[in-house]
Amino acid sequence: MKTRVRFAPSPTGSFHVGSAKIALINYLFARKREGDFILRIEDTDKERSVKKYEENILENLSWLGLEYDEGPEKEGKFGPYRQSRRGETYKKYINKLMETEKAYPCFCSREELEKEREKAIEKGEAPKYSGKCRDLTPEERKKRIENGEKFVIRLKVKDEDKIEFEDMIRGKVTFELREIGDFVLAKDEKTPLYNLACAIDDHEMKITHVIRGEDHISNTPKQILIGRSLNFEELKYGHLPLILAPDKSKLSKRHGAVSVSEYREEGFLPESLINFLVLLGWSPGDNREFFTLDKLEREFSMKRCKKSGAVFNEKKLLHINTLHIKSTEIERLTSLCIPYLIRENLLNPRYESDQYPPAMGARGIKTSYESRDGRIFSFELLKKIIDEHKDRMKKLSEITEIADYFFKSIEIDIDLLRWKKMKNDELADSIDKSINILSNIKNWEKEEVEKALLEEANRYDDRGKFLWPLRAALSGKDESAGPFEIAYLLGPKEAIGRLKKAKKILL
Ligand code: GLU
């Protein structure tokens, strides 16, 4: 039988990194077994389901590269894939449960149930429904419904049984049914609650394995009971541990960024998030830590999934992002960095006639850009600048701090220019030499610029006396790319201009 798994988010918030991990594990499980990965939007809760969150989930799943085989916007044989469109199917099964007396209408009022609950709690018992409406006769039920009395639908649960299942991650799991009681399946004959809709859809969509967060484990016996009442085939279950915050509590908003889109905007690459999230839930069995989705599709195995929750370690995420940034093809990396430079107002795109403003993260835009002081940067030049800085970038957004000096006029501080105890006249002399050398370069190529400057540097007993003031005058920073690279990338006019400006403050 073909493996079919599903990722079934409720669109009640932005796509959380914890959900992304669950989607990823499902995706890998399906790919490894050449099965299907299905996306189902669980939007039965009309009040809490919001369209923009659904869009956020779809957009970021696609950004992560977790392509689904069936789902919204990719209808397959078992759609629709939004629960809000599956009302007819649910109605059919609710009727069947009622006709076969596996389920019954319950007329108890909210107040009554609340009282029962309080009593149970007072006695130190787990609250559960008393079963009061279970034994009403068919005539009584009919009469009360005809009288317009409000009701919900409950499943009959046999007290004496227990439910056992073999969890793919946790091993054998047992639930005593006595603790569950006759639970509510539907608000009325057309409106199922989560457990019923989920069990019906898993069956109808021919799901073979349910892999989800362990916060759903108490739903599993209920879904198994529903399945048995409807003669569905039993599924296999796997409950993944949740991602923990450093304080070991469940990772939530109060710990900072939790949604995939926030990480995306901060400048994490999709492959870094994938790599980081997989290591939170799975181990390769050795100490390798660099993985791409492609590689994972081949290597992943459920057996290596971790049983206990892993702590979300932001430092590790940054480290992994650094590795992926380093190995990203420069053309793509440049396209990804440009929007950050634009956002910080360091560059402005100069649109060619019909070119559209580049969106955050759009690829391969080859237009030119203008710095605030009116200098023009071609995509090719930006590629070289980014390449020079990529090893120091922990996230894409950092390009605006690391390489800002290329795109704006800089303020030079006399103390920054000074190498060790150099006197002002020595400094002025060193900078003069740089101006001279750069002014005499005929063929402005990287090798030429480097050769000429290096030749001069080698004449000094301490090369720092030449190279430090040069680098500081060009960058205005105590940390930057190397002096040859900056000089070359700034071009003769700007480089010499900056050196002259530095010279002025020494006079
Ligand atoms: N809709 C549920 C959620 O977002 C998931 C249910 C499931 O995977 O069974 O938590």
Side-chain angles (χ1 to χ4, degrees), residues 3-30 35-58 60-61 66 68 70-72 78 80-86 90 163 165 167-170 173 175 183 185-186 191-227 232-243 250-253 258-260 277 281 302 305 309:
T3 296
R4 285 174 60 85
V5 293
R6 87 298 193 275
F7 171 54
S10 305
T12 54
S14 295
F15 192 28
H16 188 286
V17 285
S19 301
K21 185 189 105 174
I22 301 205
L24 172 62
I25 303 287
N26 272 289
Y27 172 90
L28 293 174
F29 186 77
D36 293 328
F37 172 55
I38 289 122
L39 174 66
R40 181 171 76 224
I41 299 292
E42 301 209 322
D43 55 355
T44 43
D45 185 340
K46 289 195 190 74
E47 272 153 41
R48 294 181 59 227
S49 299
V50 181
K51 195 74 191 165
K52 77 165 185 215
Y53 293 136
E54 181 190 309
E55 284 161 6
N56 181 279
I57 295 167
L58 293 184
N60 285 296
L61 262 182
L66 303 179
Y68 49 85
E70 292 162 36
F78 306 100
Y81 295 90
R82 286 184 184 88
Q83 288 190 327
S84 54
R85 312 258 167 95
R86 300 179 59 80
Y90 303 137
I163 291 261
F165 64 93
D167 190 281
M168 285 188 274
I169 290 155
R170 304 155 66 103
V173 178
F175 280 94
F183 61 93
L185 291 175
T191 321
L193 292 184
Y194 158 69
N195 280 311
L196 180 61
C198 180
I200 292 172
D201 288 345
D202 285 342
H203 169 73
E204 285 266 316
M205 294 180 181
K206 301 226 178 317
I207 299 302
T208 54
H209 299 74
V210 171
I211 302 167
R212 58 186 169 196
E214 68 183 8
D215 48 339
H216 282 291
I217 199 155
S218 61
N219 289 319
T220 302
K222 295 182 181 169
Q223 291 172 17
I224 292 176
L225 285 171
I226 294 169
F232 292 167
E233 270 199 36
E234 283 224 355
L235 306 170
K236 296 211 168 58
Y237 291 91
H239 292 89
L240 300 167
L242 302 179
I243 298 180
K250 188 177 157 188
L251 185 70
S252 71
K253 275 212 183 93
V258 285
S259 69
V260 172
L277 290 174
M302 204 67 182
C305 275

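Because the structure is predicted, anything quoted here is derived from the model rather than measured. Numbering of ligands and ligand atoms starts at 1, following listing order.
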Going by atom types alone, do Tyr68 and Asp36 pair a side-chain donor with an acceptor below 3.5 Å?
no
Tell me, which residues have any heavy atom less than 4.0 Å from some atom of ligand 1?
Arg6, Ala8, Pro9, Ser10, Glu42, Tyr194, Cys198, Arg212, His216
Does Lys236 have any side chain to side chain contact (heavy atoms under 4.5 Å, CB included) partners at least two apart in sequence or in another chain, and if so, which?
His209
Scan residues 208-224 for pairs that pass salt bridge (Lys or Arg N to Asp or Glu O under 4.0 Å), counting only residues two or more places apart or in two chains.
Arg170-Glu214
Do you know which of Asp202, Asn26, Thr208 makes side-chain hydrogen bond (donor to acceptor under 3.5 Å, both in side chains) with Arg6?
Asp202
Just jot down the salt bridge (charged side-chain N to carboxylate O under 4.0 Å, His left out) partners of Lys51, sequence neighbours excluded, or say none.
Glu54
Can we call the ring centroids of Phe78 and His203 under 6.0 Å apart?
no
